[in-house]
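First listed ligand is number 1; within each ligand, the first listed atom is number 1.
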Amino acid sequence: NSFIPYFLEPQQEDNISIDMIKLYQELLPKKESHDRRIKFVKLMDRLMNTEWPDHDIKAHVFGSSVNDLGTSSSDVDLCITTPWNGLRNVKTLAKLFRKSGMQHVVCVPRAKVPIVRLFDPELQLSCDINVNNTLALQNTKMIKAYVALDPRVRPLIMIIKHWTKQRLLNDAANGGTLSSYTWTCMIINFLQQRQPPVLPVLHHIENENKGEDYFFDNVEKLKGFGAANQESLGGLLFAFFRRFAVEFDYHTQVVSVRQGRYLLKTEKGWDTGRNKMSLCVEEPFNVSRNLGNSADIASVQGLRCEFQRFLEMLIAGEDLETICAPYRAM
Ligand code: GTP
Ligand code: MG
């Protein structure tokens with residue numbers, strides 16, 4: 001791997017930064033997409049509270065519709081909260097949505113978190129719905145806070161997410177790869193580890209025995225944190241791919257946003273079983289969970305090839321549109 005340089009020429013780095021800004025502008029969601037989402041959530045809220053009044057049912061949006069990392073084509077992630085037990089079985093929800101005109105209504109009752117998935121033909125939106133999984137609301141707030149801390153975070157993550165979708169590396173449920181959330185944690189942790197850091201470790205700030213779901217969320221107080229780091233978008237993109245193509249030790253290291261560094265698989269007891277060969281990414285609020293375990297050995301090999309491919313094409317001066325061309329099986 002010695003042929004991969006540590007840095008790009010300044011001129012090439014600038015070209016990549018300009019290319020990134022252009023792609024970022026195209027990926028940003030339109031106001032129209034925002035308005036459709038708001039309509040959709042109101043509709044869902046009304047459907048449920050008309051069918052089951054008096055159960056204090058609320059629909060909360062989480063994920064990329066609210067963490068500033070979504071595009072116009074992102075799905076809507078909904079968390080239904082209610083003290084009532086009647087919605088524990090997601091099939092009950094599915095029945096209501098089917099008779100309300102939603103399409104492709106599918107239950108995934110045995111997933112880590114049981115969900116109903118559907119498509120609203122009128123508003124042209126796909127949606128994943130869970131009941132009472134409030135952890136996802138908390139980790140969405142954390143992502144949103146990290147995104148707000150430095151202006152480089154949003155374009156960097158949106159561009160890498162775009163690449164993961166184009167190259168079919170973003171389907172934890174069916175494709176055996178990684179979720180957007182897992183990718184986002186990898187990028188945040190990478191930015192925490194730059195010298196000097198672009199992002200702080202929100203779990204460590206003012207945390208005196210504050211409990212598992214704590215993180216520092218006063219973004220205003222941390223504005224300008226990353227200013228000492230002068231790396232450009234292009235430089236950061238190159239460094240991220242260099243990190244996961246050649247530097248990261250997949251056999252021993254664990255990505256930890258909670259700690260802002262790499263942990264060792266041995267210290268987490270993740271050096272056996274499925275985790276041994278996985279790309280290990282610690283869930284920041286539930287540290288016994290490996291977000292990377294959706295990818296099997298073959299997928300991790302495939303991922304590493306894709307990191308290499310990206311890096312080589314970037315070094316060769318290809319533009320992002322070419323590098324992010326949709327994956328086609330040979
Ligand atoms: P896109 O839909 O691809 O634009 O991105 P997204 O940010 O919405 O990600 P995704 O749909 O994969 O997940 C939505 C939200 O669900 C995330 O923001 C997390 O809050 C949560 N989530 C997703 N996957 C996991 C997981 O494996 N573990 C936990 N704890 N939460 C998850
Ligand atoms: Mg989503």
Next item on the list: Could you list which atoms of ligand 1 come closer than 4.0 Å to a heavy atom of Lys161?
Entry: 1 (P), 3 (O), 4 (O), 5 (O)
Notebook entry, point to check: Does Glu32 pair with Arg36 as a salt bridge, N-O distance under 4.0 Å?
Noted result: yes
Check: Among the heavy atoms of Gln138, does any lie under 4.0 Å from an atom of ligand 1?
Finding: no
Margin query: Checking a contact table here: which protein heavy atom is nearest atom 10 (P) of ligand 1, and how many Å away?
Written below: Ser180 CB, 4.2 Å
Margin query: Which residue and atom name correspond to the protein heavy atom nearest atom 8 (O) of ligand 1, and how close is it?
Written below: Ser64 N, 2.8 Å
Next item on the list: Have a look at Asp77, Leu135, Asn139 and point out the one with the heavy atom closest to atom 11 (O) of ligand 1.
Entry: Asp77
Next item on the list: Looking only at distances, please establish whether an N/O atom of ligand 1 is found under 3.5 Å from an N/O atom of Asn170.
Entry: no
Notebook entry, point to check: Any N/O of Leu69 closer than 3.5 Å to an N/O of ligand 1?
Noted result: no
Next item on the list: Consider only side-chain heavy atoms of I, L, V, M, F, W and Y, link residues closer than 4.5 Å, and tell whether Ile115 and Ile57 are in one cluster.
Entry: no
Next item on the list: Determine the sole option in Ile129, Leu135, Val131 for which the side chain to side chain contact (heavy atoms under 4.5 Å, CB included) test with Asn133 is passed.
Entry: Leu135
Notebook entry, point to check: Can you tell me the protein heavy atom closest to atom 24 (N) of ligand 1 and the distance?
Noted result: Ser179 OG, 3.7 Å
Margin query: Checking side-chain polar atoms at under 3.5 Å, does Asn15 have a donor or acceptor matched by the opposite partner on Gln12?
Written below: no
Margin query: Taking the basic N atoms (NZ, or NE/NH1/NH2) and the acidic carboxylate oxygens, is any pair closer than 4.0 Å for Arg258 and Glu282?
Written below: no
Notebook entry, point to check: Of all N, O or S atoms in Asp77, which has the smallest distance to the Mg ion (ligand 2)?
Noted result: OD2
Next item on the list: Identify, by atom number and element, the atoms of ligand 1 in contact range of Lys165, meaning under 4.0 Å from any of its heavy atoms.
Entry: 1 (P), 3 (O), 4 (O)
Note to self: For atom 2 (O) of ligand 1, what is the closest protein heavy atom, and at what distance to 0.1 Å?
What the structure shows: Asp75 OD1, 2.9 Å
Notebook entry, point to check: By atom name, which N, O or S atom belonging to Asp75 lies closest to the Mg ion (ligand 2)?
Noted result: OD1
Note to self: Quick check on contacts: which atoms of ligand 1 are under 4.0 angstrom from a heavy atom of Ser74?
What the structure shows: 4 (O)
Check: To which protein heavy atom is atom 16 (O) of ligand 1 closest, and what is the distance rounded to 0.1 Å?
Finding: Phe62 CE1, 3.3 Å
Next item on the list: Determine, for Phe190 and Arg243, whether the Lys NZ or Arg CZ falls below 6.0 Å from the six-membered ring centre while staying within 45 degrees of the axis.
Entry: no
Next item on the list: Would you check if there is a donor-acceptor pair between the side chains of Asn290 and Arg274 at a distance under 3.5 Å?
Entry: no
Notebook entry, point to check: What class does the angle between the rings of Trp84 and Trp52 fall in, given that below 30° is parallel, 30 to 60° is tilted and above 60° is perpendicular?
Noted result: tilted
Item checked: Criterion ring pair (Phe, Tyr, Trp, His ring centres under 6.0 Å) against Phe307, the qualifying member of Phe238, Trp163, Phe248 -> Trp163
Next item on the list: Give the residue, atom name and distance (to 0.1 Å) of the protein heavy atom nearest atom 29 (C) of ligand 1.
Entry: Glu283 OE1, 3.6 Å
Check: Looking at atom 18 (O) of ligand 1, what's its closest protein heavy atom, distance included?
Finding: Gly63 CA, 3.5 Å
Margin query: Donor-acceptor pair, distance only, cut-off 3.5 Å: does the side chain of Arg152 make one with the backbone of Gly226?
Written below: yes
Item checked: Heavy-atom nearest neighbour in the protein, as seen from atom 25 (C) of ligand 1, with distance rounded to 0.1 Å -> Tyr181 CD2, 3.6 Å
Notebook entry, point to check: Just checking, is any N or O donor in the side chain of Ser299 or Asp296 under 3.5 Å from an acceptor N or O on the other one?
Noted result: yes
Next item on the list: Can you sort out which atoms of ligand 1 are near Ala136, meaning under 4.0 Å from one of its heavy atoms?
Entry: 20 (O)
Margin query: Taking Lys99 first and then Glu51, would you say they form a salt bridge - that is, a charged N and a carboxylate O separated by under 4.0 Å?
Written below: yes
Next item on the list: Please work out whether any backbone atom (N, CA, C, O) or any side-chain heavy atom from C-beta onward of Asn67 is under 4.0 Å from ligand 1, and answer side chain, backbone, both or neither.
Entry: side chain
Notebook entry, point to check: Hey, which atoms in ligand 1 end up nearer than 4.0 Å to a heavy atom of Thr140?
Noted result: 18 (O), 20 (O)
Note to self: Below 4.0 Å, non-hydrogen atoms only: which portion of Leu291 touches ligand 1? Side chain, backbone, both or neither.
What the structure shows: side chain
Checklist line | Among Ile143, Ile187, Thr140, side chain to side chain contact (heavy atoms under 4.5 Å, CB included) partner for Leu69 | finding: Ile143
